[in-house]
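Sequence lines set the chain letters: A, B, ... in the order given, protein chains first and strands last, and positions in each chain run from 1.
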2 protein chains.
Amino acid sequence: MNTHELFHTLHQLSRHLTNTLNEALKPLGLYGSQWSAIFVLKTKGFLTQKELCDYLFVEAPPMTRTIQRLVKQGYVRQVPGKDKREKIIQLTDKALLEYPKWEKTVFETNESVLKNLPETSQEELLRLQKSWLQQLK
Amino acid sequence: MNTHELFHTLHQLSRHLTNTLNEALKPLGLYGSQWSAIFVLKTKGFLTQKELCDYLFVEAPPMTRTIQRLVKQGYVRQVPGKDKREKIIQLTDKALLEYPKWEKTVFETNESVLKNLPETSQEELLRLQKSWLQQLK
DNA sequence: TTCAATTAGTTACCTAGGTAACTATATTCC
DNA sequence: GGAATATAGTTACCTAGGTAACTAATTGAA
């Protein structure tokens, strides 16, 4: 098995998709890292920063930065938790208003990079990736 | 098809593997980006910086940094080309001497993260990734 | 109960990789 | 041949994400 090629193509795919997403989000004034946090917050309602980190498997410092940017743009609110160390994060009305446009853009971008990959391949790829990722944790 | 999950797991896999590789290379005094350049130089002999960029699908500025670090460590030499804008990059004897150890470390790291993923899955994954990547270019 | 250990979040600084703007050399076209 | 254009590489600066060291709050144990 050519493990080198496997890692190399995976790395390139990831970079390519990140770049494509960032380019699509640029006119909306968002970055990919912000979108990933927004997406989780939209589906989960509200979370502490720690929970957001755990969910996205990202360390705390980059998450602090992402959230501070979102706060500055008025898309996210930080509410102190019962445990006063915690900050509970939630989307603002402004964000909820913009959300459908963001989601549409991301969805269309995803579709466009997948349009030549058969549906069965997409599903097989997802299955293999999930299985691999699970074994790594 | 859940495109979001597909991109999310791909991104996480890529990050996880990058981190694992960097951790394994740390005691050798190398970073992953340096290894990827070294690997290409070892298999191709010598290349201009431009050719290295094209091969790794990386922009010129990060490649400049990677090479400058390798030059500083004495693992790489920059020779002016016939076209005086170009710099031809080649591994030094010092690098060639260390190479087997580096390769062994990387190989073992790759094996360790793949050990629970069946060979057939690995091959299928590589096939799907290559096919997808090809369609994106 | 008080003092040590743990935890949530921040700050500072590192690598990876991207764009924009620049320099210096090559190429093209009149 | 000389001016415009293209190309290789560098520099400056941006985001993404990592570790180490720190603060403040909480938990646990003597």
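- A/W35 meets the ring-ring contact (aromatic ring centres under 6.0 Å, His included) test with A/F39, A/Y99; sequence neighbours excluded.
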Heavy-atom contacts, protein to nucleotides 9-19 of chain C, under 4.0 Å, summarised as B (base), S (sugar-phosphate only) or - (none) per nt, yield SBBBB-SSBBB
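- Residues that satisfy the salt bridge (Lys or Arg N to Asp or Glu O under 4.0 Å) test with B/R85, not counting sequence neighbours, are B/D83.
- Between the C1' atom of C/dT25 and the NZ atom of B/K82 lies a distance of 15 Å, rounded to the nearest Å.
- Pairs engaging residues 114-130 of chain B under the side-chain hydrogen bond (donor to acceptor under 3.5 Å, both in side chains) rule: A/E5-B/K130, A/T9-B/Q129, B/E124-B/R127 [sequence neighbours left out].
- As a whole-Å value, the separation of B/D83 CG from D/dG9 P is 8 Å.
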Between side-chain atoms of residues 58-65 of chain B and protein atoms elsewhere (two or more places apart, or another chain), which donor-acceptor pairs fall under 3.5 Å?
unit_1: B/T64; atom_1: OG1; unit_2: B/A60; atom_2: O; d: 3.3

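- Every residue two or more places apart in sequence or in another chain that forms a side-chain contact (heavy atoms from CB on, under 4.5 Å) with B/Q90 is listed here: B/F46, B/R77, B/V79.
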